[in-house]
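The basis for the numbers below is simple: all heavy atoms, side chains too, and nothing from hydrogens, waters or symmetry mates. Here, residue 1 is the first one in the sequence, and each next residue gets the next number. Just so you know, ligand 1 is whichever comes first in the structure, and atom 1 is the first atom listed for that ligand.
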Amino acid sequence: MNRFEGKAIIVTGAASGFGTAIAEKFATEGASVMAADIDMAGAQAVADRLPGAMACQVDVADEDQNFAMVQATLDAFGRIDVLCANAGVPHRGNYMVKVTTEEFDRMWAVNVRSIFLGAKACWPHMDEGSSIISTASIGGKRPRPGMTPYNASKAAAIMLTRGMAAEMAPRIRVNCVCPVSSPTNFDLQAMGTQNLSPEMEASVISGIPMGRRATPEDVANAYVFLASKEASFLTGVCLDVDGGRSIQ
Ligand SMILES: NC(=O)c1ccc[n+]([C@@H]2O[C@H](COP(=O)([O-])OP(=O)(O)OC[C@H]3O[C@@H](n4cnc5c(N)ncnc54)[C@H](O)[C@@H]3O)[C@@H](O)[C@H]2O)c1
């Protein structure tokens with residue numbers, strides 16, 4: 001299907017994990033993709049594989065760099081139809097009182113300030129029918145020990161989504177996805193290990209009724225649906241991509 005032919009999509013955090021899958025899925029559906037990431041080499045490698053895609057370097061926590069990302073997209077494609085505000089970082093999993101203030105501030109800037117800045121930079125250039133989608137987390141709705149500041153940042157992403165949806169309707173729809181745990185580089189940063197031990201993996205999966213962790217493709221499918229015409233009446237939706245984790 002070419003549902004996004006002629007549309008221009010910005011994907012932040014495109015060099016890895018969910019962002020790469022989101023960029024790939026939109027490109028498969030005919031979109032022109034701006035692969036944006038703090039890791040320029042990684043973003044370029046993704047763009048090089050996708051027809052008509054471009055790459056740019058951005059630190060999503062920085063205001064000027066958000067405006068530069070938007071300008072680069074307008075220069076390349078002449079329009080912006082969807083901002084996928086996906087880039088985010090965990091802090092190293094730990095009880096909250098052991099998370100350093102520096103870790104907290106940086107994580108909050110990358111996960112929350114980025115959505116505020118990305119939306120501010122994009123909205124003047126977005127026409128009727130465009131949308132902003134961000135990657136929150138099921139942890140933003142259902143806490144558990146060890147990731148409290150991170151989960152709070154994702155609760156903030158959820159509230160930003162709902163508030164922006166109310167403010168930007170009917171011109172721009174604003175939604176987010178709330179994934180459950182997925183084996184991306186995120187694990188490496190949160191737990192210091194890329195491959196969970198079999199015991200840890202089993203423990204995570206035991207809390208997911210569908211019996212597995214999320215894949216980047218699960219998240220990309222939700223993004224494309226939320227951006228599509230089929231979702232044209234959906235705004236302020238925080239879509240759980242969690243295999244039933246939140247009902248367990
Ligand atoms: N993997 C999970 O278990 C999981 C679950 C729920 C939500 N999430 C969220 O999904 C999103 C994507 O994470 P992922 O799992 O694909 O992780 P990942 O580490 O594989 O990818 C994150 C990407 O974001 C980029 N990035 C980091 N800081 C940046 C910055 N300041 N500016 C621009 N780019 C930056 C990284 O370079 C990387 O390419 C994040 O918002 C994360 O919080 C992840």
Side-chain angles (χ1 to χ4, degrees), residues 10-25 34-47 55-66 68-69 83-93 103 105-115 117-118 133-144 146-147 149-158 160-161 176-194 196 200-201 204-205 207-208 212-220 222-223 238-243 245-246:
I10 299 175
V11 183
T12 70
S16 176
F18 296 166
T20 300
I22 294 164
E24 286 171 351
K25 182 77 183 166
M34 176 59 76
D37 205 288
I38 201 164
D39 169 9
M40 182 57 188
Q44 190 64 59
V46 170
C56 72
Q57 186 164 34
V58 66
D59 176 351
V60 291
D62 182 277
E63 183 163 28
D64 290 344
Q65 292 186 39
N66 273 277
M69 172 180 76
L83 168 65
C84 302
N86 162 74
V89 289
H91 52 79
R92 182 63 74 92
E103 253 190 308
D105 286 344
R106 178 63 182 161
M107 181 274 304
W108 199 269
V110 176
N111 293 1
V112 183
R113 190 173 199 259
S114 60
I115 299 173
L117 294 176
I133 308 172
S134 60
T135 305
S137 169
I138 202 63
K141 296 181 175 180
R142 188 188 192 286
R144 44 181 173 161
M147 294 299 284
Y150 171 79
N151 287 338
S153 78
K154 295 304 186 177
I158 288 168
L160 279 172
T161 297
C176 70
V177 297
C178 297
V180 75
S181 171
S182 178
T184 65
N185 286 332
F186 184 90
D187 276 356
L188 189 62
Q189 290 173 272
M191 288 175 267
T193 169
Q194 184 77 67
L196 301 188
M200 234 171 147
E201 180 95 21
V204 173
I205 289 173
I208 305 173
R212 64 170 177 83
R213 300 170 79 194
T215 64
E217 292 69 31
D218 292 325
V219 174
Y223 257 87
C238 303
L239 185 62
D240 299 346
V241 184
D242 72 339
R245 170 74 178 122
S246 54

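- Summary of contacts: the protein heavy atom closest to atom 42 (C) of ligand 1 is Y150 OH, 3.5 Å.
- Contacts between R106 and ligand 1 below 4.0 angstrom, taking non-hydrogen atoms only, involve the side chain exclusively.
- Panel note: side chain S114, backbone A61; no donor-acceptor pair is recorded below 3.5 Å.
- Closest to atom 35 (C) of ligand 1, if we only count protein heavy atoms, is I38 CG2, 3.7 Å.
- With a 4.0 Å heavy-atom cut-off, ligand 1 is reached by the side chain of Q189 but not by its N, CA, C or O.
- Those atoms of ligand 1 with a heavy atom of V89 less than 4.0 angstrom away are 27 (C), 28 (N).
- Closest approach of A136 and I158 over heavy atoms only: CB-CG1, 3.8 Å.
- In terms of protein heavy atoms, atom 22 (C) of ligand 1 is closest to G88 O, 4.1 Å.
- Remark: among candidates V219, D39, D37, V11, the nearest residue to atom 25 (C) of ligand 1 is D37, based on non-hydrogen atoms.
- The proximity of V180 to ligand 1, defined as any non-hydrogen pair under 4.0 Å, is limited to the backbone.
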Stepwise side chain to side chain contact (heavy atoms under 4.5 Å, CB included) check, T161 with S134
CA-CA 8 Å; T161 297; S134 60; 3.6 Å; yes

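- Taking only nitrogen or oxygen atoms, main chain and side chain alike, A14 does not reach within less than 3.5 Å of ligand 1.
- Atom numbering of ligand 1 starts at 1 in the shown order; those under 4.0 Å from a heavy atom of S137 are 6 (C), 7 (C).
- Taking a cutoff of 4.0 Å between a charged side-chain nitrogen and a carboxylate oxygen, R142 and D240 do not qualify as a salt bridge.
- Across all their heavy atoms, V112 and S153 have their closest contact at CG2-O, 3.5 Å.
- Of all protein heavy atoms, the one closest to atom 13 (O) of ligand 1 is F18 CD1, 4.3 Å.
- Distance check, rounded to the nearest 0.5 Å: CD1 of I138 to CD1 of I208 gives 10.0 Å.
- Under a 3.5 Å cut-off, the side chain of N66 and the backbone N or O of V60 do form a donor-acceptor pair.
- Of all non-hydrogen atoms in A43 and D37, the two that sit nearest each other are CB-CB, 3.9 Å.
- For a threshold of 3.5 Å applied to N or O pairs, the pair formed by V60 and ligand 1 contains at least one separation below that value.
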Go through it in stages, so that I can follow the logic: the residues are K141 and C238, the test is side chain to side chain contact (heavy atoms under 4.5 Å, CB included), and I'd like the CA-CA distance, side-chain angles, deciding distance and then a yes or no.
CA-CA 10 Å; K141 296 181 175 180; C238 303; 4.0 Å; yes

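- With a 4.0 Å heavy-atom cut-off, ligand 1 is reached by the backbone of A136 but not by any atom from C-beta on.
- With a heavy-atom cut-off of 4.0 Å, V110 touches ligand 1 through its side chain alone.
- Summarising the contacts of atom 17 (O) of ligand 1 with N185, T184, N151, the nearest heavy atom is found in T184.
- Closest heavy-atom approach to atom 2 (C) of ligand 1 within the set S153, P90, G13, S182: this belongs to S182.
- Looking only at distances, a side-chain donor or acceptor of Q65 sits under 3.5 Å from a matching main-chain atom of D59.
- Counting only distance, with no hydrogens or angles, the side chain of Y223 and the backbone of V177 share no donor-acceptor pair below 3.5 Å.
- Between M107 and V89, the shortest heavy-atom contact is CG-O, 3.4 Å.
- Nearest-heavy-atom check against atom 12 (C) of ligand 1 across N86, T135, I22 picks out N86.
- For ligand 1, the atoms lying closer than 4.0 Å to a non-hydrogen atom of S181 are 3 (O).
- Tested against R213 for a side chain to side chain donor-acceptor pair (under 3.5 Å), the candidates D187, T184, D218 yield a single pass: D187.
- The shortest N/O to N/O separation between D59 and ligand 1 falls below 3.5 Å.
- Here is the list of ligand 1 atoms found below 4.0 Å of a heavy atom in V58: 32 (N), 33 (C).
- Residue A87 approaches ligand 1 through these ligand atoms, each under 4.0 Å from one of its heavy atoms: 34 (N), 35 (C), 41 (O).
- Shown in contact with G17 at under 4.0 Å from a heavy atom are these atoms of ligand 1, numbered in order with element: 16 (O), 20 (O).
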